[in-house]
Amino acid sequence: MAERYEPSLFESKWQARWKESDLFVTQVDPARPKFYGLDFFPYPSGAGLSVGHCRNYVPTDVLCRMKVMQGYSVLHPMGFDAFGLPAENEAIKRKTHPGPMIDQYAANYRRQMDLVGISYDWSRSFKSSDPDYYKWTQWIFEILYRRGLAYRKDAVVNWDPVDKTVLADEEVIAGRAERSGALVEKKNIPQWFFKITAYAQRLIDDLDTVDWPEGIKAMQRNWIGRSEGVQFSMKIDFSGGAPAGPDETGFEVVRKEREAYFEVFTTRIDTIFGMTFCVLAPEHPMVDLISSQVAPEHVAAIKAYQEEASRLSDTDRTATNREKTGVFTGAYAINPANGKRVPIWLADYVLATYGTGAIMAVPGHDQRDFDFATKFGLDVIAVIEPDDAYLQKHFPGLGRPEALGEYAKSIKSCSTVFEAKDGVLMQSGEYTGKSVADAQLELGQWIEALGIGERKIQYKLRDWLISRQRYWGCPIPVIHSADGEEQLVTEDCLPVLLPEVDNYEPSGDGSSPLSLIDDFVNVTDRDGRLGKRETDTMGGFACSSWYFLRFCDPHNPDQAWNPSFANYWMPVDCYVGGAEHAVMHLLYARFWTKVLFDEGLIDSPEPFKRLENQGQVLALTPYRLPREGETLATGEEGILVSFEEAKSLPEDQLIWRWARMSKSKGNVVTPDEAKELYGADALRVYLLFVAPFNADVQWSNEGMQGAVRFLHRVFKFVNDVLPVYQSDWANQPMPEGDEASAIRRATHRTIEKVTQDIDRFSFNTAISTLMIFLNDVAPLASDEAKRGALALPLSEAAETLVRLLSPIAPHSADELWEALGKEGFLYRADVWPTANPDLMIENTITMAIQVNGKLRGTIEVPREAIREEVEAMARDNERVKVWIESQTVRKVIVVPGKLVNFVVG
RNA sequence: GCCGGGGUGGCGGAAUGGUAGACGCGGCGGUCUCAAAAACCGCUGGGUGAAAGCUCGUGCGGGUUCGAGUCCCGCCCCCGGCACCA
């Protein structure tokens, strides 16, 4: 046996043996508890894996391997998210077909995953572009359709001019396409949607039932954006020619042609007495009617403003720092609370797509309304009493009553508004003096009693846009018959196969390349009528919304899955991947799972019980300062240069930064390279040890060396024990003595801690525990004079170390296991050791002694010593005596097994 | 602005309210060697001291407690997300 960790001697050997014996094929034993460990469905990029990807796959692998050894039935599959834009764009660039290309890339991914020893059950693998798989994606689409959750409508949608397709809201970040980076445009074309909004509340509620990072849950709640308020109708008053204002008197010219109303939504019904105007979004449908009723100069202004607004991009329009714009319509609305007439304005700070596209404006208590009112000279009325801090800031030196009086009079002079929800109403008729909470309740009830509105819950979430005008995706199984009827393709005709084509580039005119393929488009429907196939394909996120179910029964030709298998494995016990999917994949997959739950196809309403997000691997990357004429984009801190170029640049022009590994930055370290240089197990140990699982790590060769050194020491230790090793140590009487029991105590404490740490994804402390253990026992094993007498506890220690190391460094562990004369592999049920609590107990405990909370010494006490004895021993301690003599001991705190604290003074 | 996560040695990071800095990297000193590398042993938060020790110390300011990195209040800074959502 090698005395050192020599990966080139055995890592490939063990990988071959594992493969030969189909070691990682899922063993289903209904008598055992199950464990489903899953990594996010990866798109297999042509660049292959970097060590950054391994930071996702290795930890999941460690947990799954431990679960197998603990006796669980474990499902640990891997497949590929092959459909979608990344694959298609890459294929276009390479002038090849995405199908064979993706096969090649996926094979390379698999090769690299095997290279670092990940225990995937490849017999269950599939790609989302396999017809055997996407047949069932289409089948689930049909379930959604039948349940009224898939529909087609004309809509203004996000158009990506680079990728030439529409995108879901979730794929647009700050007005740019997440993938291509292009500024999205608005385009009005018929599109397929999934009605995820119908599940908004359940998607919020069930977050409480899953064990996910708080941040991800918060992001989902925030994205769904629930808010409670009141929606009510405002009556329009067209007597526009008369002067506006509360003190208007005299005759009004009534030109009321017909009664008209518009709805507003507010979360602050308590501020209704502070409404001084209303705002409609420029696209609001009521604007046409208003235009037809008001004076010509208003009509012209309205038209001009609408045109101006339509020209602006969404990003420009919603920039928060932009000055408010708007135009008066000439019409008025009646505030139902006090009957006052308020002007109706058009302004683009009100979004047509949220709520009712119209608001009651309360400039006294909403900063946006306030900014608008001050710009256009509209009234501002204070209706909530601010707190003292606010009053002091704006009216320094005044007492509260005076400040309040001043506030009511000159609210317009304040720089910010009081928006807080704790306060008492003022200038609000009969509601004056009530708390905000009470007023919200009572005014809500009053509106309902009046019959003009109701309390309502509003969500920001919008329906999920699923159509893509692209070739490489799952075809939507719908036929449009000649008379315009939509029909689902019958189940026996599924899958609708993606046709083989030579040219699949997107046309850019808003239609899919599939629409050019006559054989595909022209069909006969089930009644023999002529029809045209839907030519949009589904976005990639549809395909990845149910793959975790298919893994339960991956090759079933007759069903998407056999419910008994899915119910055995689901939900996924531990789901591991990057935080960047917080509100896309994870929200969509939860939605589909709930629909399938409602359909009775699975028992679990949530797909992923526990979620963990790994940190990224960063590499030191060279940038240089910008030269004359060069400017940096916002957020950019230098201009990326190649490593070659960096060598030739003067040091004062270079900036080295930690940046995420990516092909474009040229800073990638591949697992192939890492394995070649240091070994697969060293790579695994390094990635696990270098930082907490969810923290970013800074790649370093020195760190890799540390991992190698640790493995060297493990080999040396086992090698030292080998001459005295007794494989039946468990059946022999253990020697008495301090060193023997210290070894056993360390062994069993290590078992306990490592098991716990792996379970809670604290791999760095698990490895640290193994290092401490090794540091403790290694000197005893290398001491030839001692090791004979300690043969039995050292045998136990060495064997335990190998077992505990096995999920982390599986090649080394199997190699050492074999060296110990064991048969087979460590990857099998019931080889994980169990800690014996009796052996973990120490007879002598070190206790800290404090005086007034400051450490003044330590004492060794017998474990069974009682309080009085401990205190006496502490008082007797020489160092402690100095601090407590000539002082009055007022109190003595004894924490058993921990410390004694004398309070003196 | 709002939501979430953080701020601990030269660096990565440990610490159920109970001996802060485990473990590792780096550094320093030593053993081995003709020498170097590797390996092994020792030291390694600041100040002070010959040493024992004392003292300061977990972003800043308060508080609770016998005792606070940990709990509470008020700030500052960094990272991630959302952002004119009424």
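Proteins get letters first, then strands, A, B, ... in listed order; numbering begins at 1 in each.
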Engineer: Please give the distance between the P atoms of B/G63 and B/U58 as a whole number of Å.
Structural biologist: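 B/G63 and B/U58 have their P atoms separated by 16 Å.
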Engineer: Taking the side chain of A/Ile173 as its heavy atoms from C-beta onward, which of B/G13, B/C66, B/C82 lies nearest to it?
Structural biologist: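 Out of B/G13, B/C66, B/C82, the nucleotide with an atom closest to A/Ile173's side chain is B/C82.
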Engineer: Please pick, from B/A83, B/A39, B/U55, the nucleotide with the shortest atom-to-atom distance to any side-chain atom of A/Arg709.
Structural biologist: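 Ranking B/A83, B/A39, B/U55 by closest atom to the A/Arg709 side chain puts B/A39 first.
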Engineer: Take A/Phe689 and A/Phe763 through the test ring-ring contact (aromatic ring centres under 6.0 Å, His included) and record every step on the way to the result.
Structural biologist: CA-CA 6 Å; A/Phe689 179 68; A/Phe763 303 102; over 10 Å; no
Engineer: Will you find, in the side chains of A/Ser762 and A/Thr765, an N or O donor that is under 3.5 Å from an N or O acceptor?
Structural biologist: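 Checked: A/Ser762/A/Thr765 side chains pair up, N/O donor to acceptor below 3.5 Å.
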Engineer: Taking the P atom of each, how far is B/U8 from B/G59, in whole Å?
Structural biologist: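 Roughly 6 Å separates the two P atoms.
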Engineer: Mind checking the P distance from B/G1 to B/C72? Whole angstroms is fine.
Structural biologist: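 So the two P atoms sit 23 Å from each other.
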Engineer: Is there a side-chain contact between A/Tyr349 and the phosphate of B/A86, meaning an N or O under 4.0 Å from OP1 or OP2?
Structural biologist: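 Negative; the distance criterion is not met.
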Engineer: Distance only, no hydrogens: is a donor on one side chain within 3.5 Å (strictly under) of an acceptor on the other, for A/Gln458 and A/Tyr354?
Structural biologist: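 Distance-only check fails for A/Gln458 and A/Tyr354.
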Engineer: I'd like to know if A/Asp720 and A/Lys716 make a salt bridge, using a cut-off of under 4.0 Å between side-chain N and carboxylate O.
Structural biologist: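 Judged by the 4.0 Å cut-off on N to carboxylate O distance, A/Asp720 and A/Lys716 do form a salt bridge.
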Engineer: Rounded off to whole Å, could you give me the CE-to-P distance for the A/Met704 and B/G12 pair?
Structural biologist: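 Distance, rounded to whole Å: 20 Å.
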Engineer: Using a 90° cut-off around 0 for syn, call B/G42 syn or anti.
Structural biologist: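 In terms of base orientation relative to the sugar, B/G42 is anti.
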Engineer: Between B/C78 and B/G17, how far is it from one P atom to the other, in whole Å?
Structural biologist: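 About 30 Å, rounded to a whole number of Å.
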Engineer: Closer than 4.0 Å, any side-chain N/O of A/Lys854 to the OP1 or OP2 of B/A20?
Structural biologist: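 No, because none of the side-chain N or O atoms of A/Lys854 sits under 4.0 Å from OP1 or OP2 of B/A20.
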Engineer: Measuring centre to centre across the rings, with the benzene-like ring taken for any Trp, is A/Trp883 within less than 6.0 Å of A/Phe902?
Structural biologist: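 No.
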Engineer: Using whole Å, report how far CG of A/Asn764 lies from P of B/A22.
Structural biologist: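 For the pair A/Asn764 CG and B/A22 P, the rounded distance is 14 Å.
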Engineer: Taking the minimum atom-to-atom distance to the side chain of A/Arg760, which one of B/C82, B/G18, B/A15 wins?
Structural biologist: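 Between B/C82, B/G18, B/A15, the one nearest the side chain of A/Arg760 would be B/A15.
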Engineer: Does atom CD (A/Glu860) have a neighbourhood of more than 12 heavy atoms from anything else shown, all under 6.0 Å?
Structural biologist: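 Yes - once you tally the heavy atoms of other residues, nucleotides and ligands closer than 6.0 Å, there are more than 12.
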Engineer: Which nucleotide, B/C84, B/G24, B/U19, lies nearest any side-chain atom of A/Gln850?
Structural biologist: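 Of B/C84, B/G24, B/U19, B/U19 is nearest to the side chain of A/Gln850.
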Engineer: So what does A/Ile772 hit on the nucleic acid, given a heavy-atom distance under 4.0 Å: a base, only sugar-phosphate, or nothing?
Structural biologist: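 Sugar-phosphate only.
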Engineer: For A/Arg221 and B/C2, is the shortest distance between a side-chain N/O and OP1 or OP2 below 4.0 Å?
Structural biologist: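 No, no such contact exists.
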Engineer: Indicate, with yes or no, if the rings of A/Phe265 and A/Phe232 have centres closer together than 6.0 Å.
Structural biologist: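 That pair fails the under 6.0 Å test.
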Engineer: Quantified in whole Å, what is the P atom distance between nucleotide B/A36 and nucleotide B/G29?
Structural biologist: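 Per the computed distance, 12 Å lies between those P atoms.
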Engineer: Look at the side-chain N and O atoms of A/Trp223 and state whether any lies under 4.0 Å from the OP1 or OP2 oxygen of B/C3.
Structural biologist: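 No, because none of the side-chain N or O atoms of A/Trp223 sits under 4.0 Å from OP1 or OP2 of B/C3.
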Engineer: Is there a donor-acceptor contact under 3.5 Å linking the side chains of A/Thr353 and A/Arg462?
Structural biologist: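 Short answer, yes.
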Engineer: Given B/G12, B/A15, B/G13, which nucleotide is nearest the side-chain atoms of A/Thr765?
Structural biologist: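 In terms of side-chain proximity for A/Thr765, the closest of B/G12, B/A15, B/G13 is B/A15.
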Engineer: Select one nucleotide: of B/G12, B/C25, B/C3, the one nearest the side-chain heavy atoms of A/Val690.
Structural biologist: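 Nearest to the side chain of A/Val690 among the choices is B/G12.
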Engineer: It should be established whether A/Asn694 places a side-chain nitrogen or oxygen under 4.0 Å from OP1 or OP2 of nucleotide B/G80.
Structural biologist: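 So the side chain of A/Asn694 is outside the cut-off, no N or O lying under 4.0 Å from OP1 or OP2 of B/G80.
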Engineer: May I ask you to check whether A/Tyr588 and A/Glu170 show a side-chain donor-acceptor distance below 3.5 Å?
Structural biologist: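 A pair is found: one side chain offers a donor N or O, the other an acceptor, under 3.5 Å apart.
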Engineer: How close or far is atom P of B/G24 from atom CZ of A/Arg713, stated in whole angstroms?
Structural biologist: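 The answer, rounded to whole Å, is 6 Å.
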Engineer: Mind checking A/Ser227 for me? I need base, sugar-phosphate or nothing, with any heavy atom below 4.0 Å counting as a touch.
Structural biologist: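 Sugar-phosphate, no base atom in range.
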Engineer: Taking a pair as Watson-Crick (N1 to N3 plus N6-O4 or O6-N4) or G-U wobble (N1-O2 and O6-N3), both under 3.5 Å, which stems of 3 or more consecutive pairs involve RNA chain B?
Structural biologist: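 Correct response: B:1-7 with B:76-82, B:10-12 with B:23-25, B:26-31 with B:39-44, B:45-48 with B:53-56, B:59-63 with B:71-75.
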Engineer: Taking only the side-chain nitrogens and oxygens of A/Arg879, find out if one of them lies under 4.0 Å from OP1 or OP2 of B/C54.
Structural biologist: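 For B/C54, OP1/OP2 do have a side-chain N/O of A/Arg879 under 4.0 Å.
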Engineer: Pick base, sugar-phosphate or nothing for A/Trp699, based on heavy-atom distances below 4.0 Å to the nucleic acid.
Structural biologist: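 If one applies the 4.0 Å heavy-atom cut-off, A/Trp699 turns out to touch nothing in the nucleic acid.
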Engineer: Take A/Asp757 and A/Ile893, find for each the nucleotide of RNA chain B with the closest heavy atom, and name the residue whose nucleotide sits nearer the 5' end.
Structural biologist: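 Checking each residue's closest nucleotide, the 5'-ward one belongs to A/Asp757.
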Engineer: Using the P atoms only, state how far B/A68 lies from B/C23, rounded to an integer number of Å.
Structural biologist: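 Per the computed distance, 25 Å lies between those P atoms.
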Engineer: Using atom P in both nucleotides, what's the gap between B/G46 and B/C40 to the nearest angstrom?
Structural biologist: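 After rounding to an integer number of Å, I get 26 Å for this pair.
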Engineer: Can you check the distance between B/A50 and B/G5, where both ends of the measurement are the C1' atom (answer in whole Å)?
Structural biologist: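 Here B/A50 and B/G5 have their C1' atoms 49 Å from each other.
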